Amino acid sequence: MALKRSCLALDLVDDENLIATYEQYHRPDQIWPEIPVGIREAGIADMQIYRIGTRLFMIVDYDENTSLSAAFEKMGTFPRQQEWGTLMHGFQKIIPEAQPGEHWAEMKPVFLLNDCIQ
């Protein structure tokens, strides 16, 4: 399966306790088991979230025959995904650069090594 990659950004509420709780929810031994299963079933091959300060950066690799928005929509139909999303929204803030209707703002690629080296 060939993959596409998207990178997205979002902020967390600037509160040390909330940030610690957000990170705890995402630990492999704490995340609700339905969440990673639903992510994969939606056509997402890999998802990684990194944080610096309050800024989150998400890397998503997904099937090239779908769109990221379609994968996220499909994911939202699975058990507990909507509940998870509602819970996570309490920790998150949309960044000013987000387009109307975007929660996680899609980032524009600036440099891709594989495009430079053949």
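Predicted model only: the values in this text are computed from it and were never measured.
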Correct closest heavy-atom pair for Ala45 and Leu3 would be CB-CD2, 3.8 Å
Taking C-beta and beyond as the side chain, do Val60 and Lys4 meet within less than 4.5 Å on heavy atoms?
no
Please determine whether the number of non-hydrogen atoms from other residues, nucleotides or ligands lying under 6.0 Å from atom CD of Gln48 exceeds 12.
yes
Report yes if some heavy atom in the side chain of Phe91 is under 4.5 Å from a heavy atom in the side chain of Asp15; otherwise report no.
no
For Leu10 and Lys93, work out which heavy atoms get closest and say how close.
CD1-O, 3.3 Å
Treating Ile, Leu, Val, Met, Phe, Trp and Tyr as nodes and any side-chain heavy-atom pair under 4.5 angstrom as an edge, say whether Leu68 and Met58 lie in one connected cluster.
yes
Side chain to side chain contact (heavy atoms under 4.5 Å, CB included) involving Gln99 - partner list, sequence neighbours excluded:
Glu102
Taking only residues two or more places apart in sequence or in another chain, which ones pass ring-ring contact (aromatic ring centres under 6.0 Å, His included) with His89?
His103
Closest heavy-atom contact between Ala42 and Ala71?
CB-O, 3.3 Å
Minimum-distance pair of heavy atoms, taken over all atoms of Asn65 and Asp63
N-OD1, 2.7 Å
Taken in chain and number order and not counting sequence neighbours, the residues that satisfy side chain to side chain contact (heavy atoms under 4.5 Å, CB included) with Ile117 are Leu113
Spacing of CD belonging to Gln92 relative to CG belonging to Leu56, to within rounding of 0.5 Å
7.0 Å
Would you check if Trp84 and Glu34 make a side-chain contact, meaning some heavy-atom pair closer than 4.5 Å?
no
Applying salt bridge (charged side-chain N to carboxylate O under 4.0 Å, His left out), which residue pairs with at least one partner in residues 22-33 are found, sequence neighbours left out?
Glu23-Arg51, Arg27-Asp29
Name all pairs fulfilling the salt bridge (charged side-chain N to carboxylate O under 4.0 Å, His left out) condition that reach into residues 64-74, sequence neighbours left out, sorted by first residue then second.
none
With sequence neighbours left out, the residues meeting side chain to side chain contact (heavy atoms under 4.5 Å, CB included) with Ser69 are Ser67
Would you indicate whether the side-chain heavy atoms of Ile39 and Tyr62 approach each other to under 4.5 Å?
no
Can you name the residues that form a salt bridge (charged side-chain N to carboxylate O under 4.0 Å, His left out) with Glu83, not counting sequence neighbours?
Arg80
When hydrophobic residues are tied together by side-chain contacts of less than 4.5 Å, even through go-betweens, does Ile19 share a cluster with Ile49?
yes
Report yes if some heavy atom in the side chain of Ile35 is under 4.5 Å from a heavy atom in the side chain of Trp32; otherwise report no.
yes
Closest heavy-atom pair and its distance - Ile44, Met75
CD1-CE, 4.1 Å
Path from Ile31 to Leu87 over hydrophobic side-chain contacts below 4.5 Å
yes
Hydrophobic clusters join Ile, Leu, Val, Met, Phe, Trp and Tyr when side-chain heavy atoms are under 4.5 Å apart, directly or via other members; which others share one with Tyr50?
Phe57, Ile59, Met107
In this structure, OG1 of Thr54 is separated from CG of Asp14 (nearest 0.5 Å) by 5.5 Å
Could you list the cluster mates of Val110? Members are the ILVMFWY residues connected by side-chain heavy atoms closer than 4.5 Å, either directly or through other members.
none
Pairing residues for Asn114 by the side chain to side chain donor-acceptor pair (under 3.5 Å) criterion, not counting sequence neighbours
none
Salt bridge (charged side-chain N to carboxylate O under 4.0 Å, His left out) with Asp61: which residues, sequence neighbours excluded?
Arg5
Sequence neighbours left out, what passes side chain to side chain contact (heavy atoms under 4.5 Å, CB included) with Leu112? Give chain and number order.
Pro109, Asp115
Nearest atoms (heavy-atom pairs only) where Glu106 meets Ser6:
OE2-OG, 3.0 Å
Rounded to the nearest 0.5 Å, how far apart are CG of Asp11 and CD of Glu97?
8.5 Å
Starting from Leu8, can I reach Met88 by hopping between I/L/V/M/F/W/Y residues whose side chains sit under 4.5 Å apart?
yes
So, do Trp104 and Phe72 sit near enough that their side-chain heavy atoms are less than 4.5 Å apart?
no
